[in-house]
*Asks:* 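This is the structure I have questions about; it appears just below.
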Amino acid sequence: MARKTVRVEIPRKNPDDILTLMDEIILQHTTLGVDSKLTDAVVNDLKATAVAVKPIRQAAKDAEALAQQKNQEARQKLGVDKGQTSTTPGTGIYKLIDIAEKLQNAYKGNEEAMSGYGYKVVVGSFAPKGKTPKPPTS
C-alpha cells in the first residue's frame, strides 16, 4: 500500500502573500467560531503580527511609489526619460553637450585637457576607405 504524503505550501518570499494567508486563517477561525481547530490565543497572536506588519507594508509601498516618482523626475531633469533626446533644452545632457562643445573649441588641438573636467576623451585618427594614411615624417 502506498504511503500518503502531505505537503502544505507556506509563502515565504512575497510579504503580501504571507499577509493574505494570515488574514484567511483569521477569517476562517472567526467564521468557524467554537468549531475552529485553533485556539483564540494562537489566532490573536497571529492577528497581532498581521496588524503590526500591515502599516509597515503600506509605508514600504508608499515609499516605493515615491521613489519611482522621484527617479522619473530625476530622469526628466537629466534628459534621459522616454521621449527626450540630447536636444531637449534645459536638461543635464543638453548642458553637458553644450559645455563639451565649448571646451572642445577652447582646447582645440589639446582636447585631452578636457579630461580635467571629468570628460572621457579619446583622440584618434582614421583614414577614409580606399586611402592609406601617409606615414609620419621625421
*Asks:* Keeping the roles fixed (side chain from Ser36, backbone from Leu32), state whether a donor-acceptor pair exists under 3.5 Å.
*Replies:* no
*Asks:* Start with the C-alpha gap between Gln69 and Leu66, add the side-chain angles, then the distance that decides, and say whether side chain to side chain contact (heavy atoms under 4.5 Å, CB included) holds.
*Replies:* CA-CA 5 Å; Gln69 175 190 343; Leu66 180 61; 3.9 Å; yes
*Asks:* Are the charged groups of Glu64 and Lys61 less than 4.0 angstrom apart, N to O?
*Replies:* no
*Asks:* OH of Tyr94: more than 12 outside heavy atoms within 6.0 angstrom?
*Replies:* no
*Asks:* Just by modelled atom types, is the Gln76 backbone N or O under 3.5 Å from a matching donor or acceptor in the Gln84 side chain?
*Replies:* yes
*Asks:* Hey, are Asp23 and Lys47 close enough for a salt bridge, meaning a charged N less than 4.0 Å from a carboxylate O?
*Replies:* no
*Asks:* For Leu96 versus Tyr119, what's the shortest heavy-atom pair and its separation?
*Replies:* O-OH, 2.8 Å
*Asks:* What are the two closest non-hydrogen atoms of Pro11 and Leu21, and how far apart are they?
*Replies:* CD-CD2, 3.6 Å
*Asks:* Consider only side-chain heavy atoms of I, L, V, M, F, W and Y, link residues closer than 4.5 Å, and tell whether Leu78 and Ile99 are in one cluster.
*Replies:* no
*Asks:* In Å and rounded to the nearest 0.5 Å, what is the NZ to CZ distance from Lys82 to Arg75?
*Replies:* 8.0 Å
*Asks:* For the backbone of Ala65 and the side chain of Gln68, can you confirm whether one donor and one acceptor N or O come within less than 3.5 Å of each other?
*Replies:* no
*Asks:* Donor-acceptor check, side chain of Tyr117 to backbone of Ala100, threshold 3.5 angstrom: yes or no?
*Replies:* no
*Asks:* Passes side chain to side chain contact (heavy atoms under 4.5 Å, CB included), Lys54 versus Ile56? Steps please.
*Replies:* CA-CA 5 Å; Lys54 285 179 182 180; Ile56 297 168; over 6 Å; no
*Asks:* Just checking, is any N or O donor in the side chain of Gln58 or Asp62 under 3.5 Å from an acceptor N or O on the other one?
*Replies:* yes
*Asks:* Can you tell if the side chain of Asp40 reaches within under 4.5 Å of the side chain of His29, non-hydrogen atoms only?
*Replies:* yes
*Asks:* Answer yes or no: is there a side-chain heavy-atom contact under 4.5 Å between Asp17 and Leu19?
*Replies:* no
*Asks:* Which atoms form the tightest heavy-atom contact between Glu111 and Val121, and what is the distance?
*Replies:* O-CG1, 3.6 Å
*Asks:* In Å, rounded to the nearest 0.5 Å, how long is the span from CD1 of Ile25 to OG1 of Thr30?
*Replies:* 11.5 Å
*Asks:* Is any side-chain N of the basic residue among Arg7 and Glu9 closer than 4.0 Å to the acidic one's carboxylate O?
*Replies:* yes
*Asks:* So which of Ile93, Thr91, Thr85, Thr88 actually passes side-chain contact (heavy atoms from CB on, under 4.5 Å) with Val80?
*Replies:* Ile93
*Asks:* In this structure, would Val51 and Ile26 fall into the same cluster of hydrophobic residues linked by side-chain contacts under 4.5 Å?
*Replies:* no
*Asks:* Specify the closest pair of heavy atoms between Ile97 and Ser86, including all atoms of both residues, with the distance to one decimal.
*Replies:* CD1-CB, 3.4 Å
*Asks:* Mind checking whether Met22 and Leu27 sit in one hydrophobic cluster, side chains of I, L, V, M, F, W, Y counted as touching below 4.5 Å?
*Replies:* no
